[in-house]
Number of protein chains: 2
Amino acid sequence: MHVLSGKSRADEAYSRLKSDIRENRMPPGYLEPEPELATRLGMSRTPVHEALIRLQAEGMVELVPRRGARVLPISAEDMREIYGILKALEPEAAARLAAQNPDERALAPLDAANDAMTAALEDGDLDAWAAADDRFHQTLLRLHGNRRLAQFVSSLFDQSHRARMVTLRLREPPIISTAEHRVILEFLRRGDVDGTRDAFRRHRERTSSELIAILENYRLPQL
Amino acid sequence: MHVLSGKSRADEAYSRLKSDIRENRMPPGYLEPEPELATRLGMSRTPVHEALIRLQAEGMVELVPRRGARVLPISAEDMREIYGILKALEPEAAARLAAQNPDERALAPLDAANDAMTAALEDGDLDAWAAADDRFHQTLLRLHGNRRLAQFVSSLFDQSHRARMVTLRLREPPIISTAEHRVILEFLRRGDVDGTRDAFRRHRERTSSELIAILENYRLPQL
DNA sequence: GGCAAAATTAATGTATACATTAAAGTATTT
DNA sequence: AAATACTTTAATGTATACATTAATTTTGCC
């Protein structure tokens with residue numbers, strides 16, 4: 001009855017449901033009862049139930065009594081919350097990474113992610129762009145070395161993923177971000193703490209207000 | 001088989017285990033298998049297992065294969081992580097609260113918490129002091145209105161609670177904190193954004209380095 | 001007595017069973 | 001036909017059962 005690999009059924013259910021939600025295969029507001037989820041995932045209710053508890057704790061899903069699991073929509077207000085936190089955390093994390101004077105080898109994956117963003121833009125592949133952008137931000141946090149911080153921000157990225165993907169398609173191609181990332185990388189290379197913090201803060205201020213402006217201009221209260 | 005109130009057995013198990021860990025009734029490193037926990041809490045393994053999943057997600061507990069649930073110790077490094085995040089988040093949150101120009105009624109619970117801290121110090125009741133200090137910080141975050149931020153910080157407080165309680169007893173009475181809180185309150189009242197941020201930052205820098213210094217001087221790598 | 005192999009114990013992950021109860025559907029009455 | 005009472009359905013939370021497997025103990029052998 002056991003799974004051969006290190007992944008339990010509950011883990012399996014968790015990743016599949018999370019990716020279904022991220023990729024909009026289970027759209028916001030979508031409600032599905034546990035027994036149905038269980039048959040769909042080819043397992044019993046138990047591991048599904050455990051996965052749902054985790055997803056609920058991470059704010060991806062709401063467990064509605066007697067109805068099932070509901071995919072939580074993201075509102076403009078939610079995005080304000082999330083970006084408010086990112087604006088406080090990411091610049092500080094970047095600044096502290098700068099203070100550690102990271103060497104070229106450590107920064108290589110950041111360069112790679114940023115190059116991938118440029119390449120994706122040239123191909124007009126917005127999904128690839130977003131994936132590379134995620135990679136840039138998450139890698140930076142991992143380099144900084146605060147696991148709690150990295151995990152929390154990662155969960156905020158998960159929660160906001162859908163909204164970011166929608167707004168990405170409602171605006172001009174995001175050409176500025178790669179340039180801003182390059183500036184951040186330059187400051188990181190120099191070990192310039194305040195420069196890194198300021199550059200990252202500007203980057204997050206801009207992306208944040210751009211995104212929220214789109215949500216409000218297009219009257220997208222729910223995503 | 002249902003519980004009359006709105007609290008499920010799983011919720012009950014969660015709160016009881018969490019408080020047992022916080023209050024050191026289940027000390028760091030302590031390992032207990034699920035069946036034992038279940039009998040101790042007077043319920044079956046199922047709700048206990050679900051509670052443990054949540055506690056694991058919050059970093060209070062580690063599920064050791066074939067052994068049970070282990071209460072995670074907090075290291076000096078963990079405290080550095082946690083306070084690194086608090087130093088970034090709390091001053092920003094306080095600054096934004098200042099920007100909202102909170103009225104006297106909103107700030108009253110903060111005054112109350114700070115007064116309770118003073119009273120507790122006069123009584124020499126460090127537990128009451130810590131509880132009131134927690135209340136001050138959590139109330140401020142709740143007033144600020146970012147639920148994700150408040151919940152995350154609350155979980156960081158839970159994780160660090162034991163270590164804070166131990167170090168609290170290894171040093172002079174914390175008389176400075178109430179004074180610093182008063183300064184923060186003064187800036188909040190004036191709606192002074194930068195003043196609030198700076199005051200809170202100084203407060204957190206000081207408490208943070210004090211605490212970590214104690215952990216290192218007393219060679220307390222695990223709590 | 002010490003060590004290897006076998007047997008036992010015990011814990012987990014998962015499945016299944018079941019009581020409870022909300023919601024939906026049907027029947028009954030006016 | 002509308003409103004109400006009754007029945008049925010279905011979902012959850014929890015308990016229990018069970019297969020798998022790691023840890024422990026016992027046994028047998030030198």
Side-chain angles (χ1 to χ4, degrees), chain A residues 1-21 25-73, chain B residues 1-21 25-73:
Chain A
M1 213 117 296
H2 248 179
V3 164
L4 303 166
S5 80
K7 241 175 147 51
S8 68
R9 275 166 164 59
D11 291 337
E12 171 73 9
Y14 172 78
S15 0
R16 282 188 56 189
L17 290 175
K18 188 158 116 177
S19 97
D20 281 354
I21 293 170
R25 286 186 293 273
M26 290 169 69
Y30 178 74
L31 187 81
E32 192 169 0
E34 279 181 20
E36 210 171 299
L37 286 166
T39 36
R40 187 151 70 75
L41 298 177
M43 55 181 79
S44 87
R45 269 182 56 221
T46 311
V48 172
H49 187 64
E50 289 177 5
L52 289 176
I53 289 170
R54 287 169 63 187
L55 288 168
Q56 182 181 39
E58 286 169 36
M60 310 270 302
V61 132
E62 177 193 15
L63 295 180
V64 187
R66 324 253 150 233
R67 331 256 22 211
R70 194 170 76 94
V71 177
L72 277 178
Chain B
M1 212 119 294
H2 249 178
V3 163
L4 303 166
S5 80
K7 242 174 145 54
S8 68
R9 275 168 166 57
D11 290 336
E12 171 72 11
Y14 171 79
S15 357
R16 282 187 57 189
L17 290 175
K18 188 157 115 178
S19 98
D20 281 354
I21 294 169
R25 286 186 292 274
M26 289 169 69
Y30 178 74
L31 189 81
E32 192 169 0
E34 280 181 20
E36 210 173 298
L37 285 166
T39 36
R40 186 152 71 76
L41 299 177
M43 55 181 81
S44 86
R45 270 182 56 221
T46 311
V48 172
H49 188 62
E50 290 177 5
L52 290 175
I53 289 171
R54 288 170 62 188
L55 289 168
Q56 183 181 38
E58 286 168 36
M60 310 270 301
V61 132
E62 177 194 16
L63 296 180
V64 187
R66 326 255 148 230
R67 329 257 22 213
R70 195 171 75 94
V71 177
L72 278 179

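A, B, ... follow the sequence lines: proteins, then strands. Residue 1 opens every chain.
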* What is the distance from atom CD1 of A:Ile53 to atom CG of A:Leu63, rounded to the nearest 0.5 Å? -> 7.5 Å
* Asked: Can a side chain N or O of A:Arg67 be found less than 4.0 Å away from OP1 or OP2 on C:dT21?
  -> no
* **Side chain of B:Glu34 (C-beta onward), nearest among D:dA11, C:dA15, C:dT12** => C:dT12
* Closest non-hydrogen atom pair between A:Leu52 and A:Leu17, with its separation -> CD2-CD1, 3.9 Å
* **Whole-Å gap separating P (C:dT14) and CG (A:Leu41)** => 13 Å
* To do: Write down the distance between CG (B:Leu63) and C1' (C:dT14), rounded to a whole number of angstrom.
  => 16 Å
* Value in whole Å for how far the P atom of C:dT16 lies from CZ of A:Arg45 -> 12 Å
* Spacing of CD1 belonging to A:Ile21 relative to CE belonging to A:Met60, to within rounding of 0.5 Å -> 4.5 Å
* Start at the 5' end of DNA chain C and walk down; is the nucleotide closest to A:Pro47 or to B:Val64 reached first? -> B:Val64
* Structure fact -> Here the distance between atom P of D:dT12 and atom CD of B:Glu50, to the nearest Å, is 12 Å
* Asked: Got a donor-acceptor pair under 3.5 Å from the side chain of A:Arg66 to the base of D:dG13?
  -> no
* **Approximate separation, where rounding is to 0.5 Å, of A:Arg9 CZ and A:Arg16 CZ** => 11.5 Å
* Among the candidates D:dT14, C:dA11, D:dA17, find the nucleotide nearest to the side-chain atoms of B:Arg9. => D:dT14
* Asked: Once you round it to whole Å, what is the distance between C1' of C:dT14 and CD of A:Glu12?
  -> 14 Å
* **Phosphate OP1/OP2 of C:dG13 contacted by B:His49 side-chain N/O (<4.0 Å)** => yes
* Asked: Quick one: B:Leu31 CG to C:dA10 P, roughly how many Å, whole number?
  -> 16 Å
* To do: Rounded off to whole Å, could you give me the CD1-to-C1' distance for the B:Ile53 and C:dT14 pair?
  => 12 Å
* To do: Look at B:Thr46 and D:dT14 and indicate whether a side-chain polar atom (N or O) is within less than 4.0 Å of OP1 or OP2.
  => no
* Asked: Looking at A:Glu12 and A:Lys7, does any basic side-chain N land under 4.0 Å from a carboxylate oxygen?
  -> no
* Structure fact -> B:Glu36 atom CD is separated from C:dT9 atom P, nearest whole Å, by 18 Å
